[in-house]
Amino acid sequence: KLAKVCAQLKDNKEAENQINLGLAILNDLKTTEDNMAVNFRGAMGAYMDIGNYEKAIEYGLKGVEVAQKVGIEVLDRFYFTLGRLYSLQSNSKQSIEYYKKNIEECLKKMPGTERKIASLYHEIAEEYDKINDKENAAVYRNLIFGQLYLLKMYDKAILNKIFACHDYA
């Protein structure tokens with residue numbers, strides 16, 4: 001929490017010190033692996049807040065490794081944030097990979113994740129647009145439409161907003 005406050009104050013060095021201090025304390029407490037995954041997620045978010053995307057990704061990948069090992073239910077959150085981080089670094093291919101992994105996790109948790117899946121389809125379409133892969137972008141926009149239709153969210157005004165900035169309206 002102190003790291004987040006420091007980040008808001010634009011004191012990135014102090015924020016990083018607080019992140020490292022927090023992780024050291026948690027390590028000394030010999031936290032369980034599932035708690036460690038959550039702690040890695042916190043560090044990932046804190047580093048993201050201060051704009052240190054490489055460190056954020058490092059902790060995100062550590063968190064994924066631990067979460068997979070102990071089977072806790074936060075993989076989808078790691079995958080989404082990693083997708084976002086790679087997007088912020090203009091690494092669309094990695095971003096797409098993690099958004100797709102997020103979809104796989106969401107499919108395991110259905111029902112209840114349908115809206116999130118539609119949102120992820122949108123994120124993937126945007127990433128394909130960034131790398132000028134219009135064909136795959138169109139595929140994922142069609143998947144958005146299908147997902148919204150399944151959710152009975154067919155509203156022409158909403159769909160027009162989704163497709164308005166593209167040639168798919």
Side-chain angles (χ1 to χ4, degrees), residues 4 7-8 33-169:
K4 194 164 190 83
Q8 290 169 345
E33 284 186 318
D34 54 337
N35 283 341
M36 210 58 210
V38 173
N39 297 336
F40 286 147
R41 188 166 185 278
M44 177 176 64
Y47 276 114
M48 186 175 176
D49 288 344
I50 64 172
N52 189 337
Y53 302 141
E54 260 114 57
K55 274 291 209 192
I57 289 169
E58 177 186 326
Y59 279 99
L61 295 173
K62 286 180 183 181
V64 165
E65 186 179 316
V66 173
Q68 287 173 330
K69 184 176 170 185
V70 296
I72 60 173
E73 296 289 321
V74 294
L75 272 173
D76 61 322
R77 294 180 191 141
F78 277 112
Y79 290 150
F80 178 79
T81 306
L82 284 165
R84 185 75 188 119
L85 285 162
Y86 282 116
S87 178
L88 290 168
Q89 289 187 312
S90 299
N91 187 339
S92 291
K93 290 183 181 186
Q94 283 291 99
S95 180
I96 291 165
E97 177 186 332
Y98 279 98
Y99 287 144
K100 285 180 178 180
K101 287 180 178 188
N102 193 179
I103 290 170
E104 290 172 18
E105 290 300 310
C106 288
L107 289 171
K108 294 176 189 175
K109 295 180 179 182
M110 285 179 67
T113 57
E114 295 84 358
R115 281 185 173 85
K116 185 171 184 177
I117 291 169
S119 175
L120 288 162
Y121 288 153
H122 175 72
E123 296 294 336
I124 292 170
E126 292 295 306
E127 293 302 320
Y128 276 122
D129 274 337
K130 288 179 186 177
I131 57 175
N132 292 317
D133 185 341
K134 302 301 180 192
E135 186 177 327
N136 277 316
V139 167
Y140 279 90
R141 285 204 173 75
N142 285 332
L143 288 170
I144 297 167
F145 177 77
Q147 195 72 15
L148 294 175
Y149 185 79
L150 289 173
L151 288 167
K152 310 287 191 257
M153 292 177 61
Y154 183 78
D155 179 333
K156 193 167 179 137
I158 292 172
L159 293 175
N160 283 338
K161 283 182 184 177
I162 291 171
F163 297 117
C165 59
H166 305 283
D167 296 329
Y168 310 108

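Treat the numbers as computed from the prediction; the structure is a model and nothing was measured.
A side chain to side chain contact (heavy atoms under 4.5 Å, CB included) with Ile124 is found for one member of Ile103, Asn136, Asn102 and no other, namely Ile103.
Using a cut-off of 4.0 Å between Lys/Arg side-chain N and Asp/Glu carboxylate O, Lys101 and Glu97 are scored as salt-bridged. Ionic pairing of Asp129 and Arg141 is present here: one or more N-O contacts between side-chain nitrogen and carboxylate oxygen are shorter than 4.0 angstrom. Lys108 has a carboxylate O that lies under 4.0 Å from a charged side-chain N of Glu105, or vice versa, which qualifies the two as a salt bridge.
The distance from atom CE of Met44 to atom CZ of Arg77, rounded to the nearest 0.5 Å, is 10.5 Å. If you take CG on Leu143 and NE2 on His122, they are separated by 13.5 Å, rounding to the nearest 0.5 Å. Between atom CG of residue Leu107 and atom CD1 of residue Ile117 there is a gap of 4.0 Å, rounded to the nearest 0.5 Å.
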**Report entry** Worked check of side-chain contact (heavy atoms from CB on, under 4.5 Å) between Lys55 and Ile50
**Finding:** CA-CA 10 Å; Lys55 274 291 209 192; Ile50 64 172; over 6 Å; no
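For the pair Ile57/Gln94, no side-chain contact is recorded, criterion being any heavy-atom separation below 4.5 Å from C-beta on. Within the 4.5 Å cutoff, the side chain of Leu75 has heavy atoms near those of the Val64 side chain. Using a 4.5 Å heavy-atom threshold, the side chains of Leu85 and Gln89 count as separate. Counting heavy atoms from C-beta on, the side chains of Glu123 and Ser95 never come closer than 4.5 Å.
When every heavy atom of Ser92 is checked against every heavy atom of Lys130, the shortest pair comes out as OG-CB, 3.6 Å. Shown here for Cys106 and Thr113, the closest heavy-atom pair between the two residues is O-OG1, 2.7 Å. Scanning all heavy atoms of the two residues, the minimum distance from Phe78 to Ala67 falls at CE1-CB, 4.3 Å. Heavy atoms only, all atoms of each residue included: Ile144 and Ala118 are closest at CG1-O, 3.8 Å.
In this pair, Tyr99 and Phe80 present their aromatic rings tilted. The plane angle is within the 30 to 60° band.
Remark: Lys62 pairs with Phe40, Glu58, Tyr59 by the side chain to side chain contact (heavy atoms under 4.5 Å, CB included) rule, at least two apart or across chains. Scanning for side-chain hydrogen bond (donor to acceptor under 3.5 Å, both in side chains) contacts around Tyr79 gives Gln68, with sequence neighbours left out. When the ring pair (Phe, Tyr, Trp, His ring centres under 6.0 Å) test is applied to Tyr128, the partners found at least two apart in sequence or on another chain are Tyr140.
Not one N or O on the side chain of Ser87 forms a donor-acceptor pair closer than 3.5 Å with the backbone of Gly83.
Atom NZ of Lys109 has more than 12 heavy atoms from other residues, nucleotides or ligands within 6.0 Å.
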